[in-house]
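First the structure, in the form of structure tokens, and then the observations on it.
Keep in mind that the numbers below use all heavy atoms, side chains included, and drop hydrogens, waters and symmetry copies. Each chain gets a letter, A, B and so on, in the order its sequence line appears, and its residues count up from 1.
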Amino acid sequence: MASKSKNPIWAFLASVKLALLLIALLASTSIIGTVIEQNQTPEHYVQHRGEAVASVIQALNLGDMYNSTWFLCLLGAFSLNLIVCSLDRIPTVIKIVRKDNLATNPDRLAKMKLSKEEKIPGTLETAKKEVMQYLHEKGWKTDSRDKEYGTLFFSQKGPWTRYGVYVVHLSILIILLGAVIGSPTVATKILDNREFAFKGGISLPETAQSDFIFSYADEKKIPLDFTVRCNYFDIHYYPGTSMPKDYLSSLTVIEDGKEVLTTTIEVNKPLIYKGITFYQSSYNQIGAAIIKLRETNSGNVHVFPVDPQNYSVTNTWQEGETDAMIRIQSARQTQMPNGQASTEMKIWLMDSDGPPSMFPLMYGSPVIVERPNAKYELTIGPHFATGLQVAKDPGVWWVYTGCALMLIGLYMAFFMSHRKVWAHVYERDGQPMVLFAGHANKNTLGFSKTFSSLTQGFKKPQNNRA
Amino acid sequence: MMNSSQLFGYTTILYLLSAAFYIGLLVFRNKKVGLVGLILASIGVLVHTGALGLRWHESYQIGIGHAPLTNMYESLVVFAWCITLFYILLELKFKDNASVLGALVMPLAVTTMAYASFSTDIDRQISPLVPALQSNWLIAHVITCFIGYGAFSVAAAIGVLYLLKHLAIKRNFSETNMLSTLPELSVLDDLTHKTIIFGFMWLTAGIITGAVWANEAWGTYWSWDPKETWSIITWFVYALALHARFTRGWNGTRIAWLAIIGFISVFFTYFGVNFLLAGLHSYGAS
């Protein structure tokens, strides 16, 4: 280590000055990207910022600054500094943690900030036993070694907390590593395997399916090794308002022609399948109408797109053991009481359990249809496509692990300390004595209270005996 | 029947009185005056807690139940709650060494409450929650961030007092100057440092809960949106302060200034981003 510290490059990379400089640079340059709108077209910058500024933005890639080479280099330098500075200091910390505290010269104990000397009645041997037992009772497990005039006892708590700051440093590196592992750019350009990590999306019309998605980065297709189908899309509103309460899509995963799983995703409730996550991200209307039937007991939903040019088609489905079918008999334009144009349809619905049901249905307003063995909630509404964001991020667990380590490390570094207690039991002029000494690397005020209650607690029972 | 806005009103009045007594402590140096300030602040926090609970309850009564943490008004009110609660705990822990700080912290709480209650830019209605905010992470994320913000505000307040006292000593102000009521410089310095450490822990937790939530809702734990970026800038500023202290022995005026710079960054993360920049966190703006 001594030779390393002489190497000027190593010393520079390990220096705190460099760390402070890099942190300050990261903090100050990060501001730029919050002031300049990110990921806009070159024309946008010319239009909003003028030619001169736009050329600077272009040259320094400030339009995508957090992915720019110079910013990534800054992060790289920061990581290198973290690694070198930790490697440089950890050997010293290991030495402190492994230090043989029983080698301490008893004379030095008396000079420590926290020390206290007491007489002990009895013989030296009983005094040793008494001190050891007392420390043990108080939760300080001791080691001991014989010294010139007696025995030195030593106990410590939390020497490992000295590693706290390095746990934090390591956690940052793990988070950055996770970011690299999960980066679509790294997957595409370095691993040459776009399916390893990607971010993309797909717009799936209700009843449609897909076995690929489009990458956000270059809009190229990324194949999935399964198929995903959107059964239906739905918007829930807060009662009596037009404020959306939730967007949801019913998705089915199909593998080798078999339906493997069906689930409903919502905002904040994605589907994760084979490491690929499907998020509800948007929606749009792609067709005039779609029939949705929900059987209220089973919760099964059956969906049939309607072609306005040729609406009178019979659609069939199975509900439990029952075969059922539905047809739009006729449709005509009407006006709603509020003046809005709408469509009124005559519906024919029948199943093997009884005579057909015939009833009118307005576009957008649900009706309930009771059958002998089923009860349907039926609507005809716009035909939507659900917008799914699809991501595969194999680095995310690294990032989460790093985050957890960071909190643990910060707690160790800030709220825990390395505490040491010595007790030298010896004889002075035939009188057994004990000299307590203590040291903590942090929260010295708190530890001095612990220390004084420890030493006073030892004195009290003695006084009672005396 | 009492409603939550009335309770928030009483809270503001209690904080105002508390601030007055703390300023009284600074001027008259009578410990009893400070004690009254502490008692008023404590009653205020209790009423405040009740008001937050009531607003939560009211949101369920109108059928859109959610924790009161979802718009600028609610966040300001929670911010004031955090700084006051944090300050009270600080004073209980550090006793007289911290009590004068109330003269700066309580007016901050009052200002926040008053701004939330009277500003015309701020919508005080309980409004339905957009789907993106309907998550169990909402409470964890907002609370961790705001405890951090609260601690950093107090740290900056102590930093200001440190600088004032430092100036007074340098200029040889008389013993009777009211800044002499303040604790020793070394005590203020230590308090600033400890408060920053506490805030740093919570800010870290706040950023992490936010990242986990973002990943759950949008599929990206980090997207460099302005709020995220400013939170990491803030994190860097305090990381800088902690390293400068631990490894280069910075203390005194330098740490006081860093506490103030850090707070400016917090302030920008909290307000500046909402009002000046657009981004994913834009729902916090109204």
inquiry  = Let me confirm one number: the CD1-CD1 distance from A/Ile23 to B/Ile233, rounded to the nearest 0.5 Å.
reply    = 13.5 Å

request  = Using non-hydrogen atoms and a 4.5 Å limit, figure out which bit of B/Thr220 sits close to chain A: side chain, backbone, both or neither.
outcome  = both

message = What I want to check is whether the side chains of A/Ser281 and B/Trp218 have a donor and an acceptor closer together than 3.5 Å.
response = no

task = Give, as side chain, backbone, both or neither, the part of B/Leu129 having an atom under 4.5 angstrom from any heavy atom of chain A.
result = both

ask   = Under a 4.5 Å cut-off applied to non-hydrogen side-chain atoms, are B/Phe246 and A/Val16 in contact?
value = no

key: Pairs of heavy atoms under 4.5 Å with chain A: top-ranked of B/Thr234, B/Val212, B/Ile207   = B/Val212

ask   = More than 12 foreign heavy atoms under 6.0 Å from NZ of A/Lys274: is that the case here?
value = yes

message = Counting heavy-atom pairs closer than 4.5 Å to chain A, which one of B/Thr204, B/Ile232, B/Val237 comes out on top?
response = B/Thr204

task = State whether the number of non-hydrogen atoms from other residues, nucleotides or ligands found under 6.0 Å of A/Tyr400 atom OH is greater than 12.
result = yes

ask   = Going from CD1 on A/Ile31 to OG1 on B/Thr229, what distance comes out if it is rounded to the nearest 0.5 angstrom?
value = 10.5 Å

Which portion of A/Ser30 sits near chain B, non-hydrogen atoms under 4.5 angstrom = both

query = Is the count of non-hydrogen atoms from other residues, nucleotides or ligands lying under 6.0 Å from A/Trp70 atom CH2 greater than 12?
reply = yes

message = Only heavy atoms, only distances under 4.5 angstrom. Which residues in residues 410-417 of chain A are near chain B?
response = A/Leu410, A/Tyr411, A/Phe414, A/Phe415

message = Ring-plane angle category for B/Phe236 and A/Phe78, please: parallel below 30°, perpendicular beyond 60°, tilted otherwise.
response = perpendicular

request  = Search all heavy atoms of A/Lys245 against all heavy atoms of B/Pro131 and return the closest pair with its distance.
outcome  = O-CG, 3.5 Å

task = Side-chain contact test, heavy atoms from C-beta onward, threshold under 4.5 Å: evaluate it for A/Thr34 versus B/Val273 and give yes or no.
result = no

ask   = Atom CH2 of B/Trp224 and atom CG of A/Asp64: how far apart are they, to the nearest 0.5 Å?
value = 11.5 Å

Under 4.5 Å from a heavy atom of chain A, the part of B/Thr247 involved = side chain

ask   = Just how far is it from atom CG of A/Asn268 to atom CG of B/Asn136, taken to the nearest 0.5 Å?
value = 9.0 Å

key: Heavy-atom pair with the smallest gap, counting every atom of A/Tyr279 and B/Asn215   = OH-O, 2.9 Å

Value rounded to 0.5 Å, distance of CE in B/Met201 from CE in A/Met406 = 10.5 Å

ask   = With chain A, which of B/Arg248, B/His243, B/Lys194 has the greatest number of heavy-atom pairs at distances under 4.5 Å?
value = B/Arg248

ask   = Counting only heavy atoms not in B/His57, do more than 12 fall under 6.0 Å of its NE2?
value = no

task = May I ask you to check whether over 12 heavy atoms, not counting those of B/Glu184, lie within 6.0 Å of atom CD?
result = no

message = For A/Tyr238 versus B/Pro128, what's the shortest heavy-atom pair and its separation?
response = CE1-CB, 3.2 Å

ask   = Which bit of A/Asp246 is near chain B, if near means a heavy-atom gap under 4.5 Å: side chain, backbone, both or neither?
value = both

key: When A/Glu266, A/Lys17, A/Gln38 are compared by non-hydrogen pairs under 4.5 Å with chain B, the top option   = A/Lys17

request  = Working to the nearest 0.5 Å, report the span between CD of B/Glu216 and OG1 of A/Thr277.
outcome  = 10.0 Å

key: Distance flag, aromatic centroids of B/Trp222 and A/Tyr66, threshold under 6.0 Å   = no

request  = Name the region of A/Ala391, side chain, backbone, both or neither, that has any atom closer than 4.5 Å to a heavy atom of chain B.
outcome  = side chain

